[in-house]
Amino acid sequence: MKKKDIALVITLLSLFAFIVILLETGKIIRIENAVYMYISSYMNPIFTIIVKIITNLGGPVIIAIICLVLCGLHQTRMKYGIPVVITVFSSFILNTILKYIFARQRPSVLRLINETSYSFPSGHSMINASLYTIIILLLLKNADKKGKRIIASISLVILFIIIGLSRIYLGVHYFGDVIAGWILGVFVAFVIYLVIKYLEIKNILNKK
């Protein structure tokens with residue numbers, strides 16, 4: 001593993017640890033309240049419909065469709081499909097475990113949709129961040145045209161960011177939940193990507 005890869009892993013874990021410290025000490029609450037007040041100031045019926053559509057883009061149905069399509073197509077199965085499924089499943093398992101460890105209750109604000117599980121970290125933010133980050137990493141590795149890779153990567157980052165922000169607007173997550181979800185999602189995707197690269201290198205060396 002390269003030094004820059006180790007540095008990124010340590011940075012992501014440190015950022016998550018920092019969020020946890022702020023959470024456990026209660027110092028993040030003021031920031032979270034300020035973020036919610038700002039985002040909710042844009043609340044209106046039409047915008048709420050749009051935000052609900054955005055949050056549904058990060059729901060299990062859409063994620064399952066993406067996984068099935070990538071696994072179903074012969075040309076994307078090995079390069080994208082299997083790594084994406086492994087990443088999403090790993091992210092889901094880790095998120096579920098962490099939710100029960102921290103057992104944070106959801107915000108006591110106006111909830112525009114119903115959610116029943118614990119709040120920290122945000123599952124939508126984490127799973128979508130892991131899904132689109134692994135796709136970005138694989139695109140940068142496998143795709144031919146640099147311009148299209150960059151445009152696709154930026155678009156996917158914007159997508160998982162607005163999906164996360166939609167959870168705050170809808171009143172089902174705190175800002176800290178979303179930030180932690182993004183950090184962990186990128187972490188899971190990057191670790192899976194490093195494992196894939198290691199296995200590919202090992203396979204090449206074994207063939208020699």
Side-chain angles (χ1 to χ4, degrees), residues 8-29 31-36 38-40 51-64 66-67 84-109 111-137 153 155-193:
L8 181 55
V9 169
I10 293 173
T11 299
L12 291 170
L13 289 176
S14 299
L15 287 172
F16 177 70
F18 179 66
I19 297 296
V20 170
I21 291 170
L22 292 179
L23 174 66
E24 295 299 321
T25 57
K27 293 181 179 179
I28 200 171
I29 295 175
I31 299 172
E32 290 176 328
N33 289 339
V35 172
Y36 175 74
Y38 176 76
I39 291 178
S40 64
V51 173
K52 285 182 177 180
I53 292 171
I54 291 171
T55 211
N56 286 332
L57 290 176
V61 174
I62 299 298
I63 292 174
I66 292 171
C67 291
V84 164
V85 170
I86 293 172
T87 302
V88 169
F89 184 73
S90 300
S91 186
F92 171 76
I93 294 298
L94 180 58
N95 181 263
T96 302
I97 293 170
L98 291 174
K99 278 183 183 291
Y100 280 99
I101 289 174
F102 291 101
R104 189 185 197 190
Q105 299 299 321
R106 290 186 182 269
S108 55
V109 296
R111 295 187 193 175
L112 301 178
I113 58 173
N114 293 320
E115 294 288 357
T116 55
S117 62
Y118 289 122
S119 190
F120 184 90
S122 164
H124 262 67
S125 302
M126 183 172 171
I127 294 171
N128 280 278
S130 67
L131 166 64
Y132 294 117
T133 299
I134 192 65
I135 290 176
I136 289 168
L137 292 170
S153 298
S155 300
L156 293 177
V157 170
I158 292 172
L159 179 57
F160 78 68
I161 287 176
I162 63 174
I163 287 171
L165 294 177
S166 74
R167 308 302 284 171
I168 302 172
Y169 177 95
L170 295 170
V172 293
H173 277 296
Y174 296 98
F175 180 60
D177 305 336
V178 171
I179 292 292
W182 287 338
I183 292 169
L184 288 175
V186 173
F187 168 76
V188 170
F190 189 65
V191 170
I192 297 294
Y193 179 71

Residues Pro121 and Gly181: closest non-hydrogen pair is CB-N, 3.9 Å
May I ask you to test the Thr133-Phe190 pair for a side-chain heavy-atom distance under 4.5 Å?
no
Can you name the closest pair of heavy atoms from Val88 and Cys67 and give their distance?
CG2-SG, 4.2 Å
Worked check of ring-ring contact (aromatic ring centres under 6.0 Å, His included) between Tyr118 and Tyr100:
CA-CA 7 Å; Tyr118 289 122; Tyr100 280 99; 5.6 Å; yes
For the residue pair Ser119 and Pro107, what are the closest heavy atoms and their distance?
OG-CD, 4.1 Å
Could you list the residues that satisfy side-chain contact (heavy atoms from CB on, under 4.5 Å) with Leu156, not counting sequence neighbours?
Tyr132, Ile135, Ile136, Leu139
What's the spacing between Glu32 CD and Lys27 NZ if we round to 0.5 Å?
14.5 Å
Salt bridge or not between Arg167 and Asp177? Use side-chain N to carboxylate O under 4.0 Å.
no
Between atom CZ of Phe187 and atom CD1 of Ile10, what is the distance when rounded to the nearest 0.5 Å?
10.5 Å
Identify every side-chain donor-acceptor pair in residues 16-25 under 3.5 Å, counting partners at least two apart or on other chains, and give the distances.
{"from": "Thr25", "atom 1": "OG1", "to": "Ile21", "atom 2": "O", "distance (Å)": "2.7"}
{"from": "Thr25", "atom 1": "OG1", "to": "Leu22", "atom 2": "O", "distance (Å)": "3.3"}

Full working for side chain to side chain contact (heavy atoms under 4.5 Å, CB included) between Ile62 and Asn56:
CA-CA 8 Å; Ile62 299 298; Asn56 286 332; 6.0 Å; no
Rounded to the nearest 0.5 Å, how far apart are CD1 of Ile39 and OG of Ser166?
9.5 Å
So which heavy atom on Val178 is nearest to which on Ser125, and how close?
CG1-OG, 3.4 Å
Less than 4.0 angstrom from a charged side-chain N to a carboxylate O is my criterion; do Glu115 and Lys99 meet it?
no
How many angstroms lie between atom CD1 of Ile134 and atom OH of Tyr193, to the nearest 0.5 angstrom?
8.0 Å
Within the distance-only criterion (no hydrogens, no angle test), does the side chain of Asn95 pair as donor or acceptor with the backbone N or O of Ser91 below 3.5 angstrom?
no
Check: Tyr36 and Phe175 side chains under 4.5 Å, non-hydrogen atoms
no
So Arg106 and Ser117, side-chain hydrogen bond (donor to acceptor under 3.5 Å, both in side chains) or not? Walk me through it.
CA-CA 8 Å; Arg106 290 186 182 269; Ser117 62; 2.9 Å; yes
Side chain proximity check, Val84 to Leu131, heavy atoms < 4.5 angstrom
yes
With the side chain counted from C-beta on, respond yes when Tyr169 and Thr55 share a heavy-atom pair under 4.5 Å apart, and no when they do not.
no
Euclidean distance, Ile192 CD1 relative to Ile86 CD1, rounded to 0.5 Å
6.5 Å
About how many Å separate OG of Ser90 and CD1 of Ile127, when rounded to the nearest 0.5 Å?
11.0 Å
The test is side chain to side chain contact (heavy atoms under 4.5 Å, CB included); show your working for Val172 and Ile113 and say whether it passes.
CA-CA 7 Å; Val172 293; Ile113 58 173; 3.7 Å; yes
Without swapping roles, check the side chain of Thr96 against the backbone of Phe92 for a donor-acceptor pair under 3.5 Å.
yes
Is any side-chain heavy atom of Met126 less than 4.5 Å from a side-chain heavy atom of Leu94?
yes
Residue pair Leu98 / Phe120, side-chain heavy-atom distance below 4.5 Å
no
